[in-house]
There are 2 protein chains.
Amino acid sequence: MPITLKDVALRAGVSRSAVSRTFTDGASVSEKMRRRVEKAAVELGYSPNALASSLTTGRTKLIGLVSNNFHNPIFLEVFDRFTRALQDKGLRPLLVNLTDETNPASSVQMLRQYSVDGVIVASSTLPPGFSKAFRDAGMPVVHAFGRPTSAPEVHVVGIDNIESGRMAARTLIARGYRDVGFLGGPKTATSTQDRLLGFLAEIATHPEIRVSHSFADAYSFDAGRKEMLRLLAENPAQAYFGGDDVLSIGALSAIGESYLSVPRDIGIIGLNDMEMAAWQNINLTTIRQPIRHIVSSSIELMTEMLKNPDRPPEARIFACEIVERGTLRPLKA
Amino acid sequence: MPITLKDVALRAGVSRSAVSRTFTDGASVSEKMRRRVEKAAVELGYSPNALASSLTTGRTKLIGLVSNNFHNPIFLEVFDRFTRALQDKGLRPLLVNLTDETNPASSVQMLRQYSVDGVIVASSTLPPGFSKAFRDAGMPVVHAFGRPTSAPEVHVVGIDNIESGRMAARTLIARGYRDVGFLGGPKTATSTQDRLLGFLAEIATHPEIRVSHSFADAYSFDAGRKEMLRLLAENPAQAYFGGDDVLSIGALSAIGESYLSVPRDIGIIGLNDMEMAAWQNINLTTIRQPIRHIVSSSIELMTEMLKNPDRPPEARIFACEIVERGTLRPLKA
DNA sequence: GCCAATTTTGCAACCGGTTGCAATTTGATG
DNA sequence: CATCAAATTGCAACCGGTTGCAAAATTGGC
């Protein structure tokens, strides 16, 4: 049914190689030949079969886009940016939704079967060894939103979560809060661990400040709300660093439901600066994660890897910045 | 580098066909042979190349998942469900992000090049002819969230937007609102057009009720907020049917920013019942679109199409239901 | 207009599988 | 143990392309 190379060759009265060559750039074809072939091709409505060509070229232009964050609204933006950026480079995202599993084996096999040219892992909660499995299977990998280390096993692009924890702490301290807490995401997420680490380390330089921490079950509204309700029932701190924005919004809801006011009674600072944080009826003060740069840098690394698969793994770390909105008491003048 | 069929055949000392057959079910292989081949396969770590086999079988198990809704949070849930459901059926989602374009040509070509087995278009805003283009190119198509008609050109799964417009109208009338408005999504979206149609039709049966309507630029928070601010500056109605939830939430924000109270001063009913509508600090009364069923039914239709591509197009329509929360005044007892 | 250098073209093998067909093996039956 | 049908296996062609190599065509220099 579909038109093949052979059909075009027949129609144009030339060899199959000639047709192939007019459709692969960099190949040697005369102008005359090209025109002749292209004429036949459009007449027949031919377009080359990318999969067949991948057999010999070894390139599919398919990129596995692997994530387990299908519940955090920030990831819609992440997927939007990734898919657009990939498309702009002529690459095609093959989406893998991990649901709960953190065992890469079946994803690795599946992506191998489809001969993807590379894999982008987009998650801040997967264990360190996860993305390594793809590399071990011989695929170029970039782990976006991963944990950067000085000697990464795969390319990692993200933020310095330790530093962002410190930043949150400094911000709270500067506002005069003397009793602060970390309302973290899931304890197993590397991002949570690192944010806590930085937060505590910074607070530790101020012995007069009281600090506490606890974890929500997930980066989600409900988990944040539930944990904040629990904290409110006990003896809450004056201000919290929420594990991320959606968690923080859940916490805000809990506070409102308890007839307390933000920032008057309790302060909250989130992390991500997702679209909703800017919604006027939420207006969350937060630490902006430069998603745009993380994505574009990941894509850049990926295209580099496609050219040179042996490029040694590298960590690219982007700075965050405070976005002042209405959920922390103002700086004292 | 990667292990091929031939390697396994060599190692097991059998023909290539034998290896192929042990990996395609339904093929005739003796137990002895199967064991022998499987042994060699695991020793070498072989897994068959799905793309190569697609060449002869004509099936790739790739499904194009096409959407232009990468800004409406409801679609994260949609993508989550679609990708999971596809994976469960052994199908692989090849994601296509349409950004702004409503011209299917390049997507059609791209998906043809990758020989996808079928295409799922997930969008409520694309023009009627869009998904038809995929079908014309010979691909099985299901348009999820499309406009159902009695004689659809492709399979359509979704809700009856006209009826949901009526439902919104009935709900507002039952609450005693006498001056109501439709705050629609983009004028070009089929979903907006139909919701308006139904809304007006129902109101028309109550001559005493005043009705007005206007459109936001997009199904987005900002568009909804902006339009509601505009309406508030003039002479707002008593209650609005918001084009969808995210739009309605934007409207809620505008109302709050204007120091008005919901539902005391103005009522809002949305449509979708996205996760955020249930957030306690939003608490939006809305019309639930049964996403779960729409997705599973779409997948079901798709798998049917894969078995029998000539299945005549069909429209599957799901009922919506009102979800009572806090943005409409209560029913009079 | 002739010859060498360069470019363009076609041949044929190959990428990693699948499958129709015929040959071989197996197993049941007499 | 011979016979025949059924099950299993291998051969070879094919899926839709690409590419090294040699033959053919073009170009430039004189």
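Residue numbering restarts at 1 for every chain, and letters A, B, ... go by the order of the sequence lines.
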Revision key, fill the gap. Heavy-atom contacts, protein to nucleotides 16-21 of chain D, under 4.0 Å, summarised as B (base), S (sugar-phosphate only) or - (none) per nt, yield BBBBB-

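Separating the NZ atom of A:K32 from the C1' atom of C:dG10 is a distance of 15 Å, rounded to the nearest angstrom. As a whole-Å value, the separation of B:E31 CD from C:dG27 P is 13 Å. Here C:dC15 presents its P atom at 18 Å from CZ of A:R59, a figure rounded to the nearest Å. Protein atom CE of A:M33 is 12 Å distant from nucleotide atom P of D:dA25, rounded to whole Å.
Nearest heavy atom pair, residue B:T303 against residue B:L91, reads CG2-CD1, 4.4 Å. Between B:G158 and B:I294 the shortest heavy-atom distance is CA-CD1, 4.0 Å.
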Exercise for review: Please report the C-alpha distance between B:V66 and B:L98 in whole Å, then the side-chain angles of each, then the deciding distance to 0.1 Å, and finally whether the side-chain contact (heavy atoms from CB on, under 4.5 Å) criterion is met.
Suggested key: CA-CA 7 Å; B:V66 180; B:L98 287 177; 3.7 Å; yes

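The side chain to side chain donor-acceptor pair (under 3.5 Å) pairs that include a residue from residues 84-95 of chain A are A:D80-A:R84, where partners are two or more places apart or lie in different chains.
With a 4.5 Å cut-off on side-chain heavy atoms, B:S191 and B:F145 do not count as touching.
As judged by a 4.0 angstrom heavy-atom cut-off over every strand, A:S30 is placed among residues touching the sugar-phosphate backbone only.
The aromatic rings of A:F70 and A:F79 lie tilted to each other, with the angle between the two planes from 30° to 60°.
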